Asker: 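I have a structure I would like to understand better, so I am pasting it below and will then ask my questions one at a time.
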Amino acid sequence: MTLQQLRYVVMVADTGTITEAANRLYISQPSLTNAIHELEKEMGINIFNRSNKGISPSIEGEVFLGYARQVLEQAKVLEDKYKGDDGGKKSFCVSTQHYSFAVNAFVDLIKRCGQDEYDFSIRETQTYEIIDDVARMRSEIGILFMNDFNEKVLNKILRANDLEFHELFVAKPHVFISRKHPLAKNDIITNEELEAYPYLSFEQGEHNSFYFSEEIFSTTERKKNIRVRDRATLFNLLIGLNGYTVCSGVIDEKLNGKDIISVPLADESDMRIGYIVHRKAILSRLGNIYLGALANYLTAGHTESGDRIVPTAEDSVKIPQRKLQHRGRFNEMRDDGEPACGDVREKAAEHMRRVKAT
């Protein structure tokens with residue numbers, strides 16, 4: 001077994017056809033087919049199922065491909081360490097729920113590490129696909145949230161796929177609404193006040209379970225529901241229909257514009273936003289730099305515990321210390337790391353008392 005053979009089978013799995021894989025690898029189709037047959041014979045398994053409809057990984061082949069991607073990632077780590085920035089074309093992929101801070105950190109990564117040739121990917125996608133991407137080593141890092149409702153189910157799936165979750169920060173629930181929304185001037189909004197307006201959420205495809213929802217309170221019954229696939233469509237509907245979505249409150253005007261604002265929701269639940277990685281994989285240099293960029297956006301370089309995002313001294317120097325323009329009023333922090341808004345529960349309770357009195 002060679003690294004070249006592993007690259008071959010991974011490319012076939014990614015493209016779905018021998019023809020396309022051969023074209024991308026710059027080899028003939030017979031040579032590629034023979035290399036795969038030799039590897040299957042050596043390993044004693046059928047990595048791919050072949051039929052008139054094409055080629056697809058077998059059940060045991062899926063497991064093998066996961067390990068193959070891991071071996072190739074480790075080879076990249078060695079190349080990064082000993083070849084440095086001139087070690088050829090660089091590649092990196094992250095899969096994430098729809099968070100602007102994940103995009104901002106990705107931009108910082110490219111500004112720092114992009115050279116004459118690179119192949120970087122960021123996938124804003126569904127929760128199940130994020131887990132699947134990291135499990136199959138298509139993405140090195142996945143970004144998603146957990147709370148008291150979904151953590152049992154998600155942790156079970158993560159353990160089954162040899163993945164682990166690392167918390168980045170804890171966010172209080174907010175709503176994204178248009179700056180011209182009738183509730184835009186409220187200091188705090190209640191769920192009762194939102195009942196008359198369309199609720200927007202990201203659809204999760206065939207895995208559209210409550211546990212995979214990107215929005216907190218996914219089981220709450222709402223009269224008006226609209227599901228979308230991308231962030232731009234969701235924001236357009238927020239503006240055009242006076243809709244709303246429940247979120248972390250983390251927003252960036254440069255990416256999302258000034259027409260969308262974040263207002264605290266009168267609820268005590270928390271969103272624990274973090275990243276997932278494969279337990280058996282060693283994070284690459286690019287992965288560490290990306291996590292360093294996330295730390296600079298979310299916590300100005302500080303972490304809640306020693307085993308969370310800890311950029312190296314080199315990364316901390318080269319990545320500017322930056323914060324998002326608006327984290328949501330319940331999520332703004334003082335220099336000492338304490339909430340700037342004081343007692344969130346008391347503020348929410350006070351607002352709800354005022355609403356009921358009117």
Side-chain angles (χ1 to χ4, degrees), residues 97-100 127 144-153 169-204 208-228 231 233-251 253 256-273 324 326-333 339-358:
Q97 291 177 334
H98 298 77
Y99 298 128
S100 58
T127 303
L144 47 76
F145 94 93
M146 286 193 188
N147 65 350
D148 293 341
F149 172 72
N150 69 9
E151 66 176 348
K152 270 190 181 177
V153 172
F169 71 102
V170 177
K172 298 294 180 182
H174 286 64
V175 290
F176 280 173
I177 55 176
S178 163
R179 191 175 294 276
K180 296 181 180 179
H181 193 283
L183 302 176
K185 293 183 179 180
N186 286 27
D187 290 330
I188 302 173
I189 296 176
T190 66
N191 279 307
E192 290 75 17
E193 290 172 302
L194 291 166
E195 285 183 355
Y197 303 101
Y199 171 68
L200 303 170
S201 62
F202 290 106
E203 65 101 2
Q204 298 296 321
N208 203 18
S209 161
F210 292 132
Y211 299 108
F212 292 118
S213 172
E214 290 190 40
E215 300 79 25
I216 196 169
F217 315 128
S218 57
T219 58
T220 302
E221 286 288 334
R222 295 178 174 88
K223 296 178 181 178
K224 303 175 182 179
N225 292 279
I226 301 175
R227 293 182 177 85
V228 301
R231 190 149 37 104
T233 300
L234 183 139
F235 283 172
N236 285 337
L237 293 174
L238 287 182
I239 296 170
L241 296 175
N242 275 337
Y244 73 97
T245 191
V246 182
C247 60
S248 67
V250 180
I251 193 169
E253 284 186 0
N256 302 321
K258 297 182 178 180
D259 293 327
I260 304 296
I261 62 172
S262 176
V263 182
L265 183 65
D267 196 283
E268 298 177 5
S269 299
D270 290 334
M271 297 177 70
R272 298 186 292 280
I273 297 176
L324 294 173
H326 185 44
R327 290 183 53 136
R329 279 167 256 172
F330 278 2
N331 296 322
E332 291 171 356
M333 310 294 284
C341 64
D343 190 335
V344 172
R345 293 187 178 186
E346 179 55 35
K347 286 182 180 293
E350 180 185 348
H351 175 75
M352 294 181 76
R353 285 195 294 268
R354 289 201 307 268
V355 170
K356 288 178 180 179
T358 57

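In this text, all values refer to a predicted model and were calculated from it rather than measured experimentally. The residues of the chain are indexed from 1 along the displayed sequence.
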Asker: Please find the pair of heavy atoms, one from S178 and one from I239, that lie closest to each other, and give the distance.
Answerer: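 In terms of heavy atoms, the two residues are closest at CB-CA, 3.9 Å.
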Asker: Check D187 against P264 and note the closest heavy-atom contact, atom names and distance.
Answerer: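 For D187 versus P264, the nearest heavy atoms are O-CD, 3.4 Å.
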Asker: Output the distance between atom CG (N236) and atom CG (L200), rounded to the nearest 0.5 Å.
Answerer: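 Nearest 0.5 Å value for the CG-CG distance: 10.5 Å.
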Asker: Using the side chain to side chain contact (heavy atoms under 4.5 Å, CB included) criterion, which residues pair with L241? Sequence neighbours excluded.
Answerer: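 Side chain to side chain contact (heavy atoms under 4.5 Å, CB included) list for L241, sorted by chain: P198, I226, L237.
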Asker: What residues, two or more places apart in sequence or in another chain, satisfy ring-ring contact (aromatic ring centres under 6.0 Å, His included) together with F145?
Answerer: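 Once residues adjacent in sequence are excluded, F145 has no partner under the ring-ring contact (aromatic ring centres under 6.0 Å, His included) criterion.
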Asker: Okay, side chain of K223, backbone of A196: is any donor-acceptor separation there less than 3.5 Å?
Answerer: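 Flag not set: sc K223 to bb A196 has no pair under 3.5 Å.
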Asker: Look up atom OG1 in T245 and atom NE2 in H174, then write down how far apart they are to the nearest 0.5 Å.
Answerer: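 So the gap between those two atoms works out to 13.5 Å.
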Asker: Evaluate the side-chain proximity of T127 to N150: yes if any heavy-atom separation is below 4.5 Å, no if none is.
Answerer: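 They are not in contact (no side-chain heavy atoms under 4.5 Å apart), so the answer is no.
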Asker: For R222 versus Y199, what's the shortest heavy-atom pair and its separation?
Answerer: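 Shortest heavy-atom contact: CD-CG, 3.1 Å.
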Asker: Taking the inter-plane angle between the rings of H98 and F202 on a 0 to 90° scale, is it parallel (under 30°), tilted (30 to 60°) or perpendicular (over 60°)?
Answerer: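 Rings of H98 and F202: parallel, as their planes differ by under 30°.
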Asker: Decide yes or no for K172 and D270: does some side-chain heavy atom of the first lie under 4.5 Å from some side-chain heavy atom of the second?
Answerer: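 Contact flag for K172/D270 side chains = yes.
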Asker: Please round to the nearest 0.5 Å and tell me the distance separating atom OH of Y99 and atom CZ of R231.
Answerer: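 One finds 11.0 Å between OH of Y99 and CZ of R231.
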Asker: So how far is it from S100 OG to I260 CD1, rounded to the nearest 0.5 Å?
Answerer: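 Answer rounded to 0.5 Å: 12.0 Å.
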Asker: Tell me every residue that passes side chain to side chain donor-acceptor pair (under 3.5 Å) with H181, counting only those two or more places apart in sequence or in another chain.
Answerer: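 Checked H181 against side chain to side chain donor-acceptor pair (under 3.5 Å); zero matches.
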Asker: Less than 6.0 Å separating the ring centroids of F176 and Y244?
Answerer: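 Between Y244 and F176, which both carry aromatic rings, the centre distance is not below 6.0 Å.
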Asker: Apply salt bridge (charged side-chain N to carboxylate O under 4.0 Å, His left out) to E151 and list each qualifying residue two or more places apart in sequence or on a separate chain.
Answerer: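 Counting only residues at least two positions away or on another chain, E151 forms a salt bridge (charged side-chain N to carboxylate O under 4.0 Å, His left out) with R272.
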Asker: Minimum heavy-atom separation for V246 and P173, please, with both atom names.
Answerer: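 Heavy atoms only, the tightest pair is CG1-CB, 4.4 Å.
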Asker: Drop me the distance from L238's CG to T233's OG1, to the nearest 0.5 angstrom.
Answerer: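 So the gap between those two atoms works out to 11.0 Å.
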Asker: Any non-hydrogen side-chain atom of Y197 less than 4.5 Å from a side-chain atom of L183?
Answerer: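 Touching, per the 4.5 Å side-chain cut-off.
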